[in-house]
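Accompanying notes for the structure given below.
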Amino acid sequence: MRRAAGVLLTVLGMAACESDTTIVVPGDGPSAPRALEAFYYGGVVTVTWELGPGWNGEPFRVYAKRTSDADWFFIAEVTNCSGGVCSYEDRNVVEGVTYLYYVAAVDPATGVEAATDYSVEVAVPFATAPPDPTGVQAVALDGAIYLRWSDVARGEADFSFYRIYQDAGANETFLLGETDSEGFLDELAVNGETYRYFVTSVDTQGHESAGSGLASGTPRPDFSGEYLYAASDRPDRAGFRFQADESVDPVMDAFDASRHFRLEIDAAGWWLVPGPGTSVHPQAFATTALKCGPGADASCQDLSVAPTSGYTTADLPLDAQTSYALRVRGDDGQTRYATIRVVLLGFDQNDDALIIFDWAYQLLPGNPALAPTVGTLAVR
């Protein structure tokens, strides 16, 4: 809030007495700053102003007082400005108190000041942080870790966004990024290294919650934890082709002619869109794992054998914790069976839709078996 110039002239006299400075007579001394503004965010009041048209490198003095105070107080001197705009952050503010600010350019040789022709008012609110995020999970991928958490903080009317931190131990934390989505993809994670993360929520006034519980993950190179983006968000990483050699990247452009399928999203959900020479079985198989190998839990469920008929080229709706069978054309032009198991469907920090899934590919043409058989298929 701005205060009238007439009021400011009176308080300038007070400031002059306290700081033993001389108030400038119009047309004399340095050029007064202009466009004074101030705002509160995250426990700090930031005061900004622009250089006067006749500014000649003079420093600036920032004055402040509580609305309940009679006198103004000199609180800072600012000498550096960028692009014609100057600023000062007042961190010595108290919840529930309203403050007034003005700024003056000062001639360092004479002490003559030229002040803004009005003051600005900022009310500092009581800091009530939003709820801590809960249920943080770290899903280990190949060369990345996907984080997801509950949306409990989103229920607050003043919720704004989340901050994602990496816990490096020894009381060291690093801010990885910010997002308004309940998901974050850390593509800087290195295979074989274990990472720990926590998440905080921030409201519209910059008040930050305490950290969530820690979630950890170790990315690893294999055919589980593959991820694709929706074609409408990241077309360069929305296409997929099953590969017999794990050294070949199966992720490709959404419209590459060699793709086996691509990922799309619309208001109805996530869709697998078959590529040239690919057909999908419309049945969704509820599974607990891609493969139930030796030592698997008795309740483990997988898709061991692909159906041999009933395939279609229609788009296939996708659900998490579900396996799907595909019939694709291999590099030699022969038909092979494959399966994907959707681990999760979500969004990253840019609100781009993605799918995380495991997959298996039968190397023997025409063989619908998807369980490991030495020398006949590549399964991960």
Side-chain angles (χ1 to χ4, degrees), residues 137-148 183-193 195 217-256 258-265 269-275 278 280 284-285 287-293 302-303 306 316-328 330-331 336-349 352-363 370 372 377-380:
Q137 296 179 322
V139 181
L141 309 175
D142 187 352
I145 291 181
Y146 181 68
L147 300 166
R148 59 178 178 173
F184 186 90
L185 184 66
D186 180 9
E187 295 184 280
L188 300 178
V190 177
N191 285 341
E193 299 289 335
Y195 300 87
T218 306
R220 68 277 186 258
D222 57 24
F223 290 163
S224 62
E226 203 76 67
Y227 65 95
L228 291 181
Y229 280 97
S232 57
D233 293 331
R234 288 280 303 275
D236 60 314
R237 291 194 58 85
F240 187 85
R241 181 177 179 83
F242 294 101
Q243 302 290 348
D245 186 347
E246 67 179 12
S247 67
V248 180
D249 188 358
V251 179
M252 59 182 55
D253 188 87
F255 302 98
D256 191 304
S258 67
R259 72 189 184 279
H260 283 143
F261 67 88
R262 70 170 177 262
L263 178 68
E264 293 188 357
I265 187 172
W270 282 259
W271 297 84
L272 184 153
V273 179
T278 298
V280 297
F285 298 88
T287 56
T288 60
L290 178 69
K291 293 296 154 203
C292 297
D302 64 8
L303 177 60
L316 183 68
L318 298 174
D319 290 309
Q321 310 303 310
T322 305
S323 293
Y324 301 90
L326 297 88
R327 197 160 56 186
V328 304
D331 293 340
R336 288 176 169 80
Y337 290 92
T339 183
I340 69 168
R341 180 177 185 273
V342 180
V343 177
L344 66 84
L345 303 165
F347 298 86
D348 73 359
Q349 60 269 30
D352 291 338
L354 54 74
I355 175 178
I356 297 175
F357 63 101
D358 303 336
W359 59 273
Y361 181 48
Q362 169 62 271
L363 295 186
L370 297 173
L377 63 141
V379 174
R380 296 296 287 199

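Along the sequence shown, residues carry numbers from 1.
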Checklist entry - Among F223, Y361, F357, Y337, which one satisfies ring pair (Phe, Tyr, Trp, His ring centres under 6.0 Å) with F242? => result Y361

Checklist entry - So, R336 and Q362: side-chain donor and acceptor under 3.5 Å apart, yes or no? => result no

Checklist entry - Got P219 and I145 here, is their nearest side-chain heavy-atom distance under 4.5 Å? => result yes

Item to check | Interatomic distance, L290 atom CG to S224 atom OG [nearest 0.5 angstrom] | outcome: 8.5 Å

Checklist entry - Do D348 and Y229 meet the criterion of a side-chain donor-acceptor pair at a distance under 3.5 Å? => result yes

Checklist entry - So, do I355 and V342 sit near enough that their side-chain heavy atoms are less than 4.5 Å apart? => result yes

Item to check | Worked verdict on V139 versus L344 for side chain to side chain contact (heavy atoms under 4.5 Å, CB included) | outcome: CA-CA 9 Å; V139 181; L344 66 84; 3.7 Å; yes

Item to check | Under 3.5 Å: donor-acceptor pair, side chain of Q349, backbone of L185 | outcome: yes

Item to check | Least distance between heavy atoms, T218 atom then G192 atom | outcome: CG2-C, 3.8 Å

Item to check | K291 side chain vs L303 backbone, donor-acceptor pair below 3.5 Å | outcome: yes

Checklist entry - Does the side chain to side chain contact (heavy atoms under 4.5 Å, CB included) test come out yes or no for D358 and I340, once each step is laid out? => result CA-CA 6 Å; D358 303 336; I340 69 168; over 6 Å; no

Next on the checklist: Is it the case that the side chains of E187 and Y227 hold a donor-acceptor pair, with the cut-off being a distance below 3.5 Å and no angle test?
Outcome noted: yes

Item to check | Step-by-step side chain to side chain contact (heavy atoms under 4.5 Å, CB included) determination, L318 to Y324 | outcome: CA-CA 9 Å; L318 298 174; Y324 301 90; 3.7 Å; yes

Next on the checklist: Would you say that L326 contacts L272 through its side chain, given a criterion of any heavy-atom pair below 4.5 Å between the two side chains?
Outcome noted: yes

Next on the checklist: Tell me whether the rings of F240 and W359 are parallel (<30°), tilted (30 to 60°) or perpendicular (>60°).
Outcome noted: perpendicular

Checklist entry - Do you know which two heavy atoms are closest between G239 and L228, and how far apart they sit? => result O-CD2, 3.5 Å

Item to check | Side-chain H-bond candidate by donor/acceptor type, R341 with T287, under 3.5 Å | outcome: yes

Next on the checklist: Tell me which one of D249, D256, D331 satisfies salt bridge (charged side-chain N to carboxylate O under 4.0 Å, His left out) with R241.
Outcome noted: D331

Item to check | Closest approach of S323 to T339 (non-hydrogen atoms, all atoms of both residues) | outcome: CB-OG1, 4.1 Å

Next on the checklist: Once rounded to the nearest 0.5 Å, what's the spacing between atom CZ of R259 and atom CE of M252?
Outcome noted: 9.5 Å

Item to check | For V280 against P274, the heavy-atom pair lying closest together | outcome: CG1-CG, 4.0 Å

Item to check | Step-by-step side chain to side chain contact (heavy atoms under 4.5 Å, CB included) determination, W270 to L263 | outcome: CA-CA 7 Å; W270 282 259; L263 178 68; 4.0 Å; yes

